[in-house]
Amino acid sequence: MKQTYISEISKHLGQEITIKGWLYNKRSSGKLGFLEIRDGSGIIQGVVSKKDVSDETWESTEKVTQESSVIITGAPREHPKKPGVYELDIKDLRIVQLAHEYPITPKEHGVEFLMDKRHLWLRSRRQHAILRVRHEIIRAVRDFFDNNGFILCDTPVFTPAACEGTTTLFEVGYFDEKAYLTQSGQLYNEATAAAFGKVYCFGPTFRAEKSKTRRHLTEFWMVEPEVAYAKLDDVMELAENFIGHIVSRVLESRREELNVLERDISKLEKIAPPFPRLQYDDAVKMLQEGHTKGALESRFEWGGDLGSPDETYISSQYDKPVMVHRYPAAVKAFYMEPDPERPDLALCVDVLAPEGYGEIIGGGERASSLELLLNRIQEHGLPEEAFDWYLDLRKYGSVPHAGFGMGIERCVAWLCGLEHVRETIPFPRMLYRLKP
RNA sequence: UCCUCAGUAGCUCAAUGGCAGAGCAUCCGGCUGUUAACCGGAGGGUUGUAGGUUCGAGUCCUACCUGAGGAGCCA
């Protein structure tokens, strides 16, 4: 019999249908059984009464175990006590495979155990909600760029040399030479932007940093737009419209999932452009005031990069993402364009998400002068020969250009209101975790 | 790399230096509207590893292992 998905159940009320899925949980009351069935599209409670089914079917419903694969025939109808909720009157149940004792019980579990069983944990309601939001965010990301004249130009995962120092890169054997897993598609984006004008790349990114916090993965997904002839202000406007689009799409299409996650939706409803802009100089003042008030332990001095507690403090002053721009050039990457009015500052921007979710976007205007880049490469002790192709971009029609990168997992964690990014990707890769 | 915390049944946890326990899961029995269902019964242990203190260590001490949170670094 043709399979009906639980998400489509309301179109089949009163009809006999077949659901192919798994037993999520089971309760019984003597000769009346309640079987929660999931099929990937949703979960529905099946009701089976001994007097209404064959002995074989009743026996099957009694012995079926949690997460056994099952094919069920029955008729959906409204829940007697809950309007808008559907139930299935079970007429027949066939066990495809009787599951062994399932390790994830309906009681609570610790993180370590659940991470070890990640391949099974993905079957839970909560993980479904998170990964559906992730899916929606990714769709919104693609739609935003695709509908705004950007060309998807993906960049390589294997790269020949370190761009920002080898310590943060995973080294792999590449036949007879060494290669590194990409930590950013940006340098390649600059080449494709010079070819196509407006481009983006979207793929996995690898960082070998020994970071062990709720915001870090060693493998994560990053989307990076790059726009030829764009200035810092253009890219800040792009970033706020981009985030605004993502948030409104999630609110529009994934409200049910946010409710499963008990997300405070009112906080997300405030996220609409324009976002506050805060120059680094003013951020320093804000942090120093925060220290005077006793909200921050140490006094922040001009010249340093913002630490996590600093970012959290700044973002707590706003109910929207805040765009901190024009950091000291010394704490930023070699390819940043200096501010012509203040050459000690870089034309860069970090977008800090609200509620302490930290930096979700980093970007800025790229240096367009060949001489400047050559000097910077020397100052940073980087191998010039590795950048010959990159320097070509400054020899052949160099233009001002800018872009940014957004970490998908941090965005998912923020919109879902999660404690940790590890639940935002199906199989997280972290320091000390490579399995499953 | 550094700081803090934790490790006891398959899972989540309890046990003043003095008989190693409960709930869930599993198995057996009961229950016709359950919702992490409930009620009764049963089985289930090298207390992370190695050493030490003590009449006696899950508990105190030392080292190590594993994990979690944070710092630095970052998206």
Side-chain angles (χ1 to χ4, degrees), chain A residues 24-36 43-52 58 62-63 65-67 79-82 85 87 89 99-117 120-121 124-126 164-165 167-169 182-186 202 204-224 239 297-298 304-312 331-333 349-353 357-363 404-414 419-422 424-425 430-433:
Chain A
Y24 192 69
N25 195 13
K26 183 171 78 167
R27 292 173 289 272
S28 74
S29 179
K31 303 292 173 271
L32 189 63
F34 299 93
L35 284 68
E36 280 190 284
I43 296 177
I44 190 168
Q45 174 167 274
V47 184
V48 60
S49 171
K50 185 169 194 284
K51 63 177 167 51
D52 294 338
W58 179 252
E62 281 201 305
K63 79 173 184 192
T65 52
Q66 190 186 355
E67 285 303 327
H79 192 288
K81 293 175 189 167
K82 296 179 183 170
V85 175
E87 282 189 330
D89 281 323
H100 298 210
E101 188 181 330
Y102 192 66
I104 303 178
T105 65
K107 288 279 177 175
E108 53 188 77
H109 299 279
V111 172
E112 186 188 356
F113 177 78
L114 289 170
M115 287 309 305
D116 284 339
K117 306 288 180 208
L120 302 175
W121 190 19
S124 77
R125 263 195 185 94
R126 176 182 162 83
E164 298 173 34
T167 52
T168 62
L169 291 171
T182 181
Q183 64 178 348
S184 166
Q186 189 215 307
F202 184 28
T205 305
F206 307 87
R207 302 269 167 100
E209 290 151 0
K210 293 207 167 176
S211 300
K212 198 172 139 38
T213 78
R214 68 183 70 187
R215 297 180 303 280
H216 287 88
L217 298 171
T218 53
E219 176 183 326
F220 63 98
W221 284 66
M222 187 156 68
V223 57
E224 296 171 273
E297 247 177 64
S298 53
D305 204 354
L306 304 182
S308 283
D310 306 318
E311 290 182 353
T312 303
V331 300
K332 288 289 173 182
V349 59
D350 283 356
V351 180
L352 308 181
Y357 280 92
E359 185 181 344
I360 53 168
I361 280 181
F404 62 80
M406 184 185 79
I408 290 294
E409 287 75 16
R410 285 192 183 172
C411 183
V412 177
W414 165 42
E419 280 294 305
H420 201 297
V421 291
R422 65 186 157 219
T424 63
I425 186 167
M430 293 175 286
L431 187 63
Y432 309 132
R433 180 162 299 274

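When reading the values below, keep in mind they use all heavy atoms of this one structure, side chains included, and skip hydrogens, waters and symmetry mates. Sequence lines set the chain letters: A, B, ... in the order given, protein chains first and strands last, and positions in each chain run from 1.
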Query raised in the report: Whole-Å distance between A71(B) P and Asp310(A) CG?
Result: 10 Å

Report task. Name all residues meeting the salt bridge (Lys or Arg N to Asp or Glu O under 4.0 Å) criterion together with Asp89(A); count only those two or more places apart in sequence or in a different chain, and write none if there are none. Result -> Arg77(A)

Report summary line: Sorted by chain and number, sequence neighbours left out, ring pair (Phe, Tyr, Trp, His ring centres under 6.0 Å) with His420(A) holds for none

Report summary line: Ranking A75(B), G10(B), G33(B) by distance to the side chain of Glu87(A), first place goes to G33(B)

Query raised in the report: Lys81(A) side chain: which of C74(B), G33(B), A71(B) is closest?
Result: G33(B)

Query raised in the report: Less than 4.5 Å apart, any side-chain heavy atom of Glu112(A) and any of Arg433(A)?
Result: yes

Report task. Compare side-chain N and O positions of Arg126(A) against OP1 and OP2 of A36(B) and report whether any pair is under 4.0 Å apart. Result -> no

Report task. Would you mind telling me which of C74(B), A75(B), U34(B) lies closest to the side-chain atoms of Arg27(A)? Result -> U34(B)

Report task. Spell out, as yes or no, whether a donor-acceptor pair under 3.5 Å connects the side chain of Ser28(A) to the backbone of Gly30(A). Result -> no

**Report entry** Donor/acceptor link under 3.5 angstrom from Ser211(A) side chain onto base of G72(B)
**Finding:** yes

Report task. For Ser49(A), check side-chain contact (heavy atoms from CB on, under 4.5 Å) against everything at least two apart and list the hits. Result -> Leu32(A), Lys51(A), Asp52(A)

Please list, pair by pair, any protein nitrogen or oxygen found under 3.5 Å from a nitrogen or oxygen in nucleotides 23-25 of chain B.
unit_1, atom_1, unit_2, atom_2, d
A25(B), O2', Glu101(A), OE2, 3.4

Query - Secondary-structure notation, RNA chain B, from Watson-Crick and G-U pairs under 3.5 angstrom (| other strand) - result: (((((((..((((....[..)))).(((((.......))))).....(((((..]....))))))))))))....

Requested in this report: Have a look at Asn25(A) and say if it touches a base, only the backbone sugar-phosphate, or nothing, with a 4.0 Å heavy-atom cut-off.
Outcome: sugar-phosphate

Report task. Calculate the interatomic distance between Asp305(A) atom CG and C74(B) atom C1'; express it in whole Å. Result -> 9 Å

Query raised in the report: Is the backbone of Tyr102(A) close enough, under 3.5 Å, to the side chain of Gln66(A) for a donor and an acceptor to pair up by distance?
Result: no

Query - salt bridge (Lys or Arg N to Asp or Glu O under 4.0 Å) involving Glu409(A) - partner list, sequence neighbours excluded - result: Arg134(A)

Query raised in the report: Can you name the salt bridge (Lys or Arg N to Asp or Glu O under 4.0 Å) partners of Glu311(A), sequence neighbours left out?
Result: none

Query raised in the report: Arg215(A) side chain N/O closer than 4.0 Å to the phosphate oxygens (OP1, OP2) of A71(B)?
Result: yes

Please tabulate the protein-to-nucleotide N/O contacts below 3.5 Å involving nucleotides 42-45 of chain B, giving atom names and distances.
none

Report task. Would you mind classifying the nucleic acid contact of Phe113(A) as base, sugar-phosphate or nothing, using non-hydrogen atoms under 4.0 angstrom? Result -> sugar-phosphate

**Report entry** Out of G69(B), A75(B), U34(B), whichever nucleotide has its closest atom nearest the side chain of Lys212(A)
**Finding:** G69(B)

Query raised in the report: Excluding sequence neighbours, so at least two apart, what forms ring pair (Phe, Tyr, Trp, His ring centres under 6.0 Å) with Trp58(A)?
Result: none

Query - Heavy-atom donor-acceptor pair, His100(A) side-chain to U26(B) base, under 3.5 Å - result: no

Query raised in the report: Does Arg410(A) use its side chain to pair, donor to acceptor, with the backbone of Glu359(A) at less than 3.5 Å?
Result: yes

What pairs of nitrogen or oxygen atoms, one from the protein and one from nucleotides 30-32 of chain B, lie under 3.5 Å apart?
unit_1, atom_1, unit_2, atom_2, d
C31(B), N3, Gly30(A), N, 3.0
U32(B), OP2, Lys31(A), N, 3.3
U32(B), O4', Ser29(A), O, 3.2

Query raised in the report: Just how far, in rounded Å, is C1' of G33(B) from NZ of Lys26(A)?
Result: 17 Å

Query raised in the report: By side chain to side chain donor-acceptor pair (under 3.5 Å), which residues pair with Ser29(A), not counting sequence neighbours?
Result: none

Query raised in the report: Can Glu36(A) and Arg27(A) be counted as an ion pair, charged N to O under 4.0 angstrom?
Result: yes

Query - No-H, no-angle donor-acceptor pair, His109(A) side chain to C11(B) base, under 3.5 Å - result: no

Report summary line: Residues passing the ring pair (Phe, Tyr, Trp, His ring centres under 6.0 Å) test with Phe34(A), sequence neighbours excluded, are none

Query raised in the report: Is Lys82(A) touching bases, backbone alone, or none of the nucleic acid, heavy atoms closer than 4.0 Å?
Result: base

Query - U34(B) base / Gln45(A) side chain donor-acceptor hit below 3.5 Å - result: yes

Query raised in the report: Once you round it to whole Å, what is the distance between P of C74(B) and CD of Gln186(A)?
Result: 14 Å

Query raised in the report: Looking across every strand, which nucleic acid part, if any, lies under 4.0 Å from Gly307(A) by heavy atom: base, sugar-phosphate, or nothing?
Result: sugar-phosphate

**Report entry** Beyond-backbone contact of Phe202(A) with Ile408(A), side-chain heavy atoms, under 4.5 angstrom
**Finding:** yes

**Report entry** Nucleotide U34(B), atom C1' - distance to NE2 of His79(A) in whole Å
**Finding:** 8 Å

